[in-house]
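Position 1 is the first residue of the sequence; numbering continues from there. We count ligands from 1, going down the list as the structure has it; atoms in each ligand are counted the same way. Just the heavy atoms: all of them, side chains too, but no hydrogens, waters or symmetry mates, feed the values below.
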Amino acid sequence: MKRLLLASLALAAGSGVCAADVPVRVTVDTTAPGHAVSPLLHGVFFEDINYAADGGLYAELVQNRSFEHAEHFYAWGKVARGGALDLSIETAEPLNAKNPHYLRLAVRDAGTGAGLANYGFGGIAVKAGENYFFSVHARATENYSGSLRAVLEDETGRPLGECKCDGLAAAWRKFDGTIKCNATAAHARLVVLVTAAGRVDLDMVSLFSEHTFHDRRNGLRADLAQMLADLHPAFMRFPGGCIVEGMDLPNRYQWKDTIGDVAERPENWNRWQDAIRNQTAPQYYQTYGLGFFEFFQLCEDLGCEPVPILNCGMACQYQSKQLVPVGQLAPFVQDALDLIEFANGPADSPWGAKRAAMGHPEPFHLKRLGVGNEQWGEDYFARYNIFQAALKAKHAEIAIVTTAGPGVDDGSWKLAWDKFRSGTPAEIVDEHYYRPSQWFLENATRYDAQPRTGPRIFAGEFAVREGRMRSTLHGAIAEAAFMTGLVRNGDVVAMSSFAPLFAKAGAFQWQPDLIWFDNTRVYGTASYHVQSLFARNRPDLALPVAVEGEAVHLPPLPDREISTYGATPLPPYHPASLPAVFAVAGRDDRAHEFVVFLANPYADPRTARIELRGAADVTAEIHASVLTSASADDANSFEEPRKIFPRDEVFAVAASAFTRSLPANSLTVLRIPVAP
Ligand code: AHR
């Protein structure tokens, strides 16, 4: 039997050929309710990587709207139409100091319309019947007699709708208009034309659909945000990720640059421009149109807790390694204190007033704040200690998220935990693991022996990474197997989030990801459905579970598969065996149901005898959600977005024990009504 299991596991990423069902007993002790499972256990991690923000969740349709990219005309093209004009980028008397470049149109002859076209992020996708909000900051030479026309055109040049702005004057002024679109087009362009000769300056050329998530102005793409809502996240970590650190210190994420009028938010280059070999995107920028106010607002719209992570005076330790001297950290610490006031302070406090001016006088109820992304070593702790003391002195109510470094089970991670266990104060420790599927199976028991007092864990970034870095069913079920351990240890594991969240087809830097999109479509990977199933079914209390069945033995992973990038690995952990299925159970006290998660990551189906020890006979129907597919190697795609999708069924039993088949490579979630 052992040989059979080993051999069939080897097939797991292959054909889906099944051997006979393997019998398993899963006993849930309903008489011994255990610890409470953290209400924040399942959340999301947002970072502007893979065009997740600009060109993605942030619904701005114009790329390079303020001409601040290094290639100032990027995504723009000249339009003459029988006229004669020159386009130039100017800096004299700009719109404001934070937005120093603007476009100048020197029009000698306007022809039938002279100006420029924006091609969006690989085209502008528009829909028939929808309104589009156009805006621009403009000025013109004294006594300019012409108008500005904003025209949506499809890729053949056919007009789809337009609006007109009149009254250009010598001073900068913002103009707004609405374009009613008469046809659907995936690759439209926005053409801005002047109607008379003269000199016209333009900046912040912007176009949004009227339909954003919750219909907010300066809003988010409704379909992508809805994917987040459907995950039922308990929290959202933002804005990253390495983007918090920046490639170097000037490139770091500074939240104060991301609030207020969007025209006053200075653009920053995105550190993922050239971080990954063969995946460069030299004109990948952060407009910060999706900034900290919008992040907080999104959390509110999603009904989840905001968890911002701030730079702690360190740039990326893999790249520039720049450090702010410990004696010069005060402004960084002040940024953190000011953020707390921005989120929670009264509307008449200096930073609370900025929040109120943006339309949100009520507080955002910030409770947790991260200091540093995945920093490591003595350099980190020297800085962390300063932040920790200053934040706690003024805001004891804010829990601090501390990092254990970029990986686990390596020298940096050990140093961090040695410190946490010998006096360095820590409340929530962020651990990251991007590892092969076998590592996730072997680490499902990772937190079973975690001390029940002391810091709690934030599994802040994790994903199976192996092979061709695709999101397969096989990887997703390994994540599910691992997550049974997060629920079982939901007293010490406070929070968890898969990473990264979004990836744009044709414009990504990092795989695998949870959600793929292009300008018109979106789908969730198998991992997405695992996250959603766990979040939607999180129990309030854990119940003890015993699994009996032939254990599975795997050869140790090669060292190269174990080591984290950059740091020295400790001797790898390799358990003697893995369980016949990965199971965890609990009680949902709101719904009055037992919840049982059963992950079968193997290539053979299991026949599970499930016993609810101590429970009355189940008389009502059981609800099952099953996530599986024909082959372990299957994946969702734009063509087959629901190839791997939870299948719901109900079935009746008349006892407190019943049999259930667990398909190969599957996650099954059972909701069993508790008899009164
Ligand atoms: O999720 C991608 C990157 O992985 C994050 O930016 C970083 O924190 C980790 O190294």
query: Quick check: does Gly241 get an N/O under 3.5 Å from an N/O on ligand 1?
result: no
field: ligand 1 contacted by Pro500 (non-hydrogen, < 4.0 Å)
entry: yes
message: Check the orientation of Phe381 and Phe420. Use parallel for under 30°, tilted for 30 to 60°, and perpendicular for over 60°.
response: perpendicular
statement: Separation between CZ (Arg488) and CZ (Arg446), nearest 0.5 Å, reads 13.0 Å
message: Pairs of nitrogen or oxygen atoms closer than 3.5 Å, one from Glu461 and one from ligand 1: do any exist?
response: yes
- prompt: Between Tyr434, Phe45, Trp272, which one has a non-hydrogen atom sitting closest to atom 1 (O) of ligand 1?
  reply: Tyr434
Asp257 and Asn268: side chain donor to acceptor below 3.5 Å: no
message: On the six-membered ring of Tyr288, is Arg265 placed so that its NZ or CZ lies under 6.0 angstrom from the centre and within 45° of the ring axis?
response: no
task: Can you sort out which atoms of ligand 1 are near Asn373, meaning under 4.0 Å from one of its heavy atoms?
output: 7 (C), 8 (O)
- prompt: What atoms in ligand 1 come closer than 4.0 Å to a heavy atom of Glu374?
  reply: 7 (C), 8 (O), 9 (C), 10 (O)
query: For Lys392, does the NZ atom sit with more than 12 other heavy atoms under 6.0 Å from it, leaving out its own atoms?
result: yes
